[in-house]
S.K.: 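I have a structure I would like to understand better, so I am pasting it below and will then ask my questions one at a time.
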2 protein chains.
Amino acid sequence: MPETGHPSPSYTISQLAAEFDVSARTIRFYEEKGLLAPRRTRGNQRLYGRRDRTRLRLILRGKRFGYRLEEIAEMIGLDEVDPDEAAQIRKSLAFGERKLGEIHERMRELKLMEEDLRSVAAKLRRRLAQLEGGAPEDA
Amino acid sequence: MPETGHPSPSYTISQLAAEFDVSARTIRFYEEKGLLAPRRTRGNQRLYGRRDRTRLRLILRGKRFGYRLEEIAEMIGLDEVDPDEAAQIRKSLAFGERKLGEIHERMRELKLMEEDLRSVAAKLRRRLAQLEGGAPEDA
DNA sequence: CCCATAATTGACGTTAACGTAAACGTTAAA
DNA sequence: TTTAACGTTTACGTTAACGTCAATTATGGG
């Protein structure tokens, strides 16, 4: 069995909290909801490894797209699946397909939002030019 | 003064609700929060026009990206701005720039999520092939 | 060993975004 | 004109996602 040589870095809760700019409470809350499962020190303090950190990143990323924690849990495959059950795997694959569809839809929508913002900005700039040109403040 | 010829279509609350698959309560709620301002019939019932409908679409789009209603209000420029105040317009423009930045960041993240989903799916498919090939059920 | 930080659990509080129910007015079709 | 379906306001309820104590324990440097 090959040794990796990398003992997997570990983080305290406040280190992770600082890195991702969330509160420690938030991170504990995600654990309550079954989204994280860090190891503990003998003193019972949470110890987060590389996987936990990655997972937290995914959670926060999902949140930024308006997914609820419950959905996020599904997306990272935490409902997991007796590995014996091929049917379950097929179900997960179907789920993934749907999510991919949603993602593409989101991409389209982002482009629309971008256009919207640009046109609003253009309108504002015209208004601004008008104000500055037409009525030059009191300079 | 030119007539458009298009009298602007109008919708009842339940028509909009059905079209966008939200409840009427939700639409009224958006109005409470100052995000919509439909006209009324003489009977005091809400009557939504083209603009209202567009705005609702924008609101729901924003929501799908995890923006709160308050932020959405800003984004569609509802904090508006004494049209006399060039400074306010500049502020709005700066706000728009930030939002555009966020949108680009979101696009990057969407691509990352897509990759994540694809790699999870690939893993599942390998597992599935293994299950089906290695232990062919009981067929 | 001591003390300042940092962490833990538990409990209750808060906020956004609606849901739900009641009591009543409006509309449109028969 | 009646009446079923639709809409209105008011008010209270609910849920997700944390915030905020408080009381207790762990950790690490001097």
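Below, chain A is the first sequence line, B the second, and so on; all start at residue 1.
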S.K.: Under a 3.5 Å distance rule, please check whether A/Arg106 uses its side chain to pair with a backbone N or O of A/Phe65 as donor and acceptor.
M.R.: yes
S.K.: I'd like to know if the side chain of A/Glu74 pairs up with that of A/Tyr67 as donor and acceptor (distance under 3.5 Å, no hydrogens or angles considered).
M.R.: no
S.K.: What I want to find out is whether A/Glu105 reaches A/Lys99 closely enough, with some N-O distance under 4.0 Å, to be called a salt bridge.
M.R.: no
S.K.: Nearest whole angstrom, please: distance from the P of D/dC18 to the CZ of A/Arg28.
M.R.: 14 Å
S.K.: Expressed as a whole number of angstroms, how long is the span from B/Arg39:CZ to D/dT8:P?
M.R.: 14 Å
S.K.: Measuring to OP1 and OP2 of D/dG7, would you say a side-chain N or O of B/Thr12 lies under 4.0 angstrom away?
M.R.: yes
S.K.: Given atom CD of B/Gln15 and atom P of D/dC6, what is their separation to the nearest angstrom?
M.R.: 11 Å
S.K.: State whether A/Glu114 and A/Arg118 are salt-bridged, where the test is any N-O pair (Lys NZ or Arg NE/NH1/NH2 against Asp/Glu carboxylate O) under 4.0 Å.
M.R.: yes
S.K.: Could you check how far CZ of B/Arg40 sits from P of D/dT8, rounded to whole Å?
M.R.: 6 Å
S.K.: In terms of side-chain geometry, is the basic nitrogen of A/Glu70 or A/Lys33 positioned less than 4.0 Å from the acidic oxygen of its partner?
M.R.: no
S.K.: Heavy atoms only, 4.0 Å cut-off, all strands: where does A/Arg46 land among base, sugar-phosphate and nothing?
M.R.: sugar-phosphate
S.K.: How many Å lie between CD1 on A/Ile27 and P on D/dT20, as a whole number?
M.R.: 16 Å
S.K.: How many whole angstroms separate atom CG of B/Leu56 from atom C1' of C/dC18?
M.R.: 14 Å
S.K.: Using a cutoff of under 3.5 Å, can you pull out all pairs of nitrogen or oxygen atoms linking the protein to nucleotides 11-17 of chain D, with atom names and distances?
M.R.:
{"unit_1": "D/dA17", "atom_1": "OP1", "unit_2": "A/Leu69", "atom_2": "N", "d": "2.9"}

S.K.: Going by an N to O cut-off under 4.0 Å, is there a salt bridge joining A/Arg40 and A/Glu31?
M.R.: yes
S.K.: Hey, does the side chain of A/Ser23 come within less than 4.0 Å of D/dG19's phosphate (OP1/OP2), counting only N and O?
M.R.: yes
S.K.: Tell me the interatomic distance from A/Leu36, atom CG, to C/dT8, atom C1', rounded to whole angstroms.
M.R.: 16 Å
S.K.: Please enumerate all residues that pass side chain to side chain contact (heavy atoms under 4.5 Å, CB included) together with B/Leu47, with sequence neighbours excluded.
M.R.: B/Ser10, B/Arg39, B/Thr41
S.K.: Judged by atom type as modelled, is there a donor-acceptor pair below 3.5 Å linking the side chain of B/Asp52 to the main-chain atoms of B/Gly49?
M.R.: yes
S.K.: Just by modelled atom types, is the B/Leu112 backbone N or O under 3.5 Å from a matching donor or acceptor in the B/Glu115 side chain?
M.R.: no
S.K.: Nearest nucleotide by nearest heavy atom, which residue falls closer to the 5' end of DNA chain D, B/Ala24 or B/Glu32?
M.R.: B/Ala24
S.K.: Report each atom pair, protein N/O against N/O of nucleotides 27-30 of chain C, whose distance is under 3.5 angstrom.
M.R.:
{"unit_1": "C/dT27", "atom_1": "OP1", "unit_2": "B/Thr41", "atom_2": "OG1", "d": "3.4"}

